[in-house]
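Just below is one structure, and these are the notes that go with it.
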Protein chains: 2
Amino acid sequence: MPPQISSTQKLRYFNQYRILKTLYFNEPLSRQELSRETNLSVATITNLITTWLDRGVILESGTVQSKGGRPRVMLTLNRAYGAFVGIDLGETHIRFELFDLKMNSQQSIMVWLTNGDTQPTDVVAKIVAGYRELLQTAVFPEEKVIGIGIGVPGVVEREGGISIFAPNWGWHNVSLLTKLKEAISAPIIIDNGAKAMGLAEMWFGGKPNNEHLIALLLGTGVGTAIISEGEIQRGVTNSAGEFGHTTLDINGRSCRCGGQGCIETYVGAPGIIQTLQTINPESPLLHGTSQLDIIAAIATAAEEKDETARIVLQQTANYLGAGIANLINLYNPQTIVLSGWLGNQLGPFFLELLPPLIEKYALPQPGAITHIKVSSLGDNSIAMGAASLILEDFLHGTRTSWRLSSGVVSLIPQ
Amino acid sequence: MPPQISSTQKLRYFNQYRILKTLYFNEPLSRQELSRETNLSVATITNLITTWLDRGVILESGTVQSKGGRPRVMLTLNRAYGAFVGIDLGETHIRFELFDLKMNSQQSIMVWLTNGDTQPTDVVAKIVAGYRELLQTAVFPEEKVIGIGIGVPGVVEREGGISIFAPNWGWHNVSLLTKLKEAISAPIIIDNGAKAMGLAEMWFGGKPNNEHLIALLLGTGVGTAIISEGEIQRGVTNSAGEFGHTTLDINGRSCRCGGQGCIETYVGAPGIIQTLQTINPESPLLHGTSQLDIIAAIATAAEEKDETARIVLQQTANYLGAGIANLINLYNPQTIVLSGWLGNQLGPFFLELLPPLIEKYALPQPGAITHIKVSSLGDNSIAMGAASLILEDFLHGTRTSWRLSSGVVSLIPQ
DNA sequence: CCATTTAATTCAATACTTAAAATAACAGTC
DNA sequence: GACTGTTATTTTAAGTATTGAATTAAATGG
């Protein structure tokens, strides 16, 4: 008789993954504790985890002392079972990161992109080469790579052709996934970098499973991940969350997206620099050659109570505060995380300046409960997020996720 | 042996309700068709629907002619099985509506509130009296009322005390539900009126199960329901979706919420009237005594190509367009519905003016796919939405929904 | 060593879905 | 009007799930 593919089987499958996910974020747990957490009977736990034990995904890691009675056997994840690769594809760099099963970084490589080598073929070649190099020095052999997640600075669409608009590159309808699959056999998931980072923030950014979270990726642009009830908000065509291009001042600065007064034009690095120029065109803070230099100079000056820097930050915080208040009013989140190279540097100053602004612009009730903080994940948060795209599938048993069958990449301003 | 309450039972329960919901939105269907829609076997369909047939929730409504072969028996909902009551509690009126199982209005009552009788006790008394009156004239006896949904102009919180801020009333920490339960035995669900209306728009506003939808309730304030993947977005404390108080012009008009340049100050009725006053303080359009009069006058004048009215609408549409663009960029929805007394009147004009503004302010890709329309549900959309809160529980088998155990009402500006 | 206690496994009972077989209900044809 | 072909529905039996209860395992403490 042919095997029955039915819903009671799906129930078992689903319960197996529920156990895995519970253990992942709460290990170590005994069978009894797992039973309590999942509301499944101990008998079922024993039954279902044999799969994971047999495959070596989880381990029995010793017993715990008891005062009378058989000691509990603690179950933990086998962090050596497999690895996740996270790739942060930025406009100026590619960062490769290899993580163990518990998302501890094992190996890291940074590659810089120059203006000359940003054709799709070049980038694909660099990704493949970087991936190979990453594995060469790593403790994990390639067959242990569960999957590769790639975070890109744009919108990844489910189906075909997309118009592209990137500051530096000029890609059009490029299916990164197809090209990469020719060279790499491991499963690949491509998604927006900010969305990926949001996953990392939810799972590894502090209190785990913070299910109403908004992560802001502040840099040249303003990327955003909005997580509601534990799910990244994608909308109909996976382009939801473009907070950077929401209008804050309808009569304000014009934006590269065609709109006016987008939050990006005030809070993105070029916007902040423009604010500085308006306040004092002669400011020595402007001497730096790159955005990074100038922002760093502002941060240093602010540390030393420089008046100009203070005003710049105050004015920027005003826009950021109003923008965050909009998010609070719309999403009523638990937590808002500031991240990205700019967010990491200026975040501490913003945290001081924001409270009165939130109080002014946000409604009292949701405003009072929202907690704003700076990311604790550091510079590899996007790579970790990209790897988390794979982890997500790994913990849900959804290798058939639509993102796997997609891979057409579009870069729009962010 | 005591009955086992386990997950395979839940599976059956869940499948029963999945069948019910599928039938609700796709009736009439035969058992075979239901099998195809739900991916359950025909045997299971036969098995599971006996519950609904026995209880009289669904009916076998005759066979369909076949060309050779046993004819299909079509299954339909028994619209006389029970009734839903929807109550639209506004600041100036209470609207009671009795619906059959398929949400066809059977009976309707309108009660006006004067300034003198807006104490909690008064309002509760009016609700109870109105409910009784509604039933007296109705074809459904009270025991057939499945539940009562109430839409209120504010935030309904899960737990206790809430500060209140209402233009007309001055309630504080009023548990409407507790008071109503003393007089009414049917289950009651209370929620924000705009959120409730969003449910009605999703299910009855056109293409059924439009799962990425935003409904704007335009009136004195701007209420909003945001539906993503078929679920109303609530956030952590059920206050998500306060679009009316998001900033559009950070240097703009000050708002009763304490913010500046909230979209409500331009698109709400008082905001539009203010715009008219700014353009022409002497305008005869301002002669009306109430908001409703003036807005109606603007609509009539615009119909007759009046220049002042045209400018007012153009300026208002500019703010509305930027606001809607923000929603598009953030939520990437399929559909945006304009509703509410003001939305119904001025909506047709906005529809003409909006496209170029969306193109200007929204990102191209999500902007192009979003469909904007005026509600087709008319004046009882909030009452229908309130009733839909009960329908939601009815179709999901979730009588234990948190909203049932709640009922503390807070009125914040909207 | 034994009583006690707690953890984990085994077992038997119960429940659910479903493929296949049986039955039902038609249209059309000889 | 019986028979055939066809499609719909129900019945049956098989396969698989979860779980309470019973059993076994592994400790502590006197």
Side-chain angles (χ1 to χ4, degrees), chain A residues 1-20 22-23 27-54 58-76 397, chain B residues 1-20 22-23 27-54 58-76 397:
Chain A
M1 229 157 288
Q4 295 184 60
I5 297 163
S6 76
S7 284
T8 62
Q9 280 86 334
K10 278 183 196 154
L11 184 64
R12 181 186 171 94
Y13 187 82
F14 175 78
N15 280 338
Q16 279 177 334
Y17 278 95
R18 198 148 62 88
I19 290 173
L20 184 62
T22 305
L23 192 59
E27 66 165 353
L29 290 176
S30 71
R31 289 167 174 80
Q32 304 275 350
E33 290 162 337
L34 259 177
S35 166
R36 253 167 272 142
E37 288 285 329
T38 57
N39 286 320
L40 293 164
S41 73
V42 204
T44 305
I45 299 289
T46 294
N47 180 355
L48 295 187
I49 62 171
T50 53
T51 318
W52 302 128
L53 284 168
D54 290 350
I58 68 176
L59 298 173
E60 294 191 334
S61 64
T63 60
V64 148
Q65 77 297 346
S66 76
K67 30 194 189 97
R70 175 175 175 173
R72 295 166 291 172
V73 174
M74 300 315 275
L75 301 165
T76 55
Chain B
M1 229 157 289
Q4 294 185 60
I5 297 162
S6 76
S7 284
T8 61
Q9 282 86 332
K10 278 183 197 154
L11 185 63
R12 181 187 171 94
Y13 187 82
F14 175 77
N15 281 338
Q16 279 177 333
Y17 277 95
R18 198 148 60 90
I19 291 173
L20 184 62
T22 306
L23 192 59
E27 66 166 352
L29 289 176
S30 71
R31 289 168 174 79
Q32 303 275 352
E33 290 161 337
L34 260 177
S35 166
R36 253 167 272 142
E37 289 284 329
T38 57
N39 286 320
L40 294 164
S41 72
V42 205
T44 304
I45 299 289
T46 294
N47 180 353
L48 295 187
I49 61 170
T50 51
T51 317
W52 302 128
L53 284 168
D54 289 351
I58 67 176
L59 299 173
E60 294 191 333
S61 64
T63 60
V64 149
Q65 78 296 348
S66 75
K67 32 194 190 94
R70 178 174 174 172
R72 296 166 290 174
V73 175
M74 301 314 275
L75 301 164
T76 54

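Within every chain, numbering begins at 1; the chains are lettered A, B, ... in the order of the sequence lines, protein sequences first and strands thereafter.
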Is there a side-chain contact between [X] and the phosphate of [N], meaning an N or O under 4.0 Å from OP1 or OP2?
X     : N      : answer
A/R70 : D/dT28 : no
A/T46 : C/dT9  : yes
B/T44 : C/dT18 : yes
A/N15 : D/dT18 : yes
A/S41 : D/dT19 : yes

Once you round it to whole Å, what is the distance between [atom2] of [N] and [atom1] of [X]?
X     : N      : atom1 : atom2 : value
B/L34 : D/dA8  : CG    : P     : 13 Å
B/Y13 : C/dC16 : OH    : P     : 14 Å
A/R18 : D/dT18 : CZ    : C1'   : 12 Å
B/E33 : D/dT7  : CD    : P     : 14 Å
B/R72 : D/dT10 : CZ    : P     : 15 Å
B/N47 : D/dA13 : CG    : P     : 16 Å
A/K10 : C/dC16 : NZ    : P     : 18 Å
B/Q32 : C/dA25 : CD    : P     : 15 Å

Of the nucleotides [options], which one has an atom closest to the side chain of [X]?
X     : options                : value
B/L40 : D/dA17, C/dA8, C/dT18  : C/dT18
A/V73 : C/dA8, C/dC26, D/dA17  : C/dA8
A/L11 : D/dT18, D/dA26, C/dT17 : D/dT18
A/S30 : C/dA8, D/dT18, C/dA20  : C/dA8
A/R12 : D/dT9, D/dT18, C/dC16  : D/dT18

Original post:
Can you name the side chain to side chain contact (heavy atoms under 4.5 Å, CB included) partners of B/T46, sequence neighbours left out?
Top reply: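 Side chain to side chain contact (heavy atoms under 4.5 Å, CB included) check on B/T46 returns B/R31.
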Original post:
Who passes side chain to side chain donor-acceptor pair (under 3.5 Å) against A/Q16, sequence neighbours left out?
Top reply: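 A/Q16 satisfies side chain to side chain donor-acceptor pair (under 3.5 Å) with A/T51 only.
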Original post:
Counting N and O atoms only, with roles assigned by atom type, does the side chain of A/R18 sit under 3.5 Å from a partner on the main chain of A/T38, one being a donor and the other an acceptor?
Top reply: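 Side chain of A/R18 to backbone of A/T38: a pair is present.
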Original post:
Got a donor-acceptor contact below 3.5 angstrom from the A/S35 side chain to the A/L40 backbone?
Top reply: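 Present.
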Subject >> Minimum heavy-atom distance between B/I58 and B/L53, given as atom pair plus value >> reply: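 Scanning both residues completely, I find the closest heavy atoms to be O-CD2, 3.5 Å.
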Subject >> Validation row: B/R36, B/L29 side chains within 4.5 angstrom (heavy atoms) >> reply: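 The answer is no, as the side chains (C-beta and beyond) never meet within the 4.5 Å cut-off.
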Original post:
Do A/E33 and A/M74 have side chains that get closer than 4.5 Å, going by heavy atoms?
Top reply: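 Yes, side chains in contact.
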N/O contacts under 3.5 Å, protein versus nucleotides 27-30 of chain C?
| unit_1 | atom_1 | unit_2 | atom_2 | d |
| --- | --- | --- | --- | --- |
| C/dA27 | O4' | B/G68 | N | 3.2 |

Original post:
With nearest nucleotides of DNA chain D determined for A/L48 and B/R36 from heavy-atom distances, which residue corresponds to the more 5′ nucleotide?
Top reply: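 Going by which nucleotide is closer to the 5' end, it is B/R36.
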Original post:
Does CZ in A/F14 sit with more than 12 non-hydrogen atoms of other residues, nucleotides or ligands closer than 6.0 Å?
Top reply: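 No, not enclosed.
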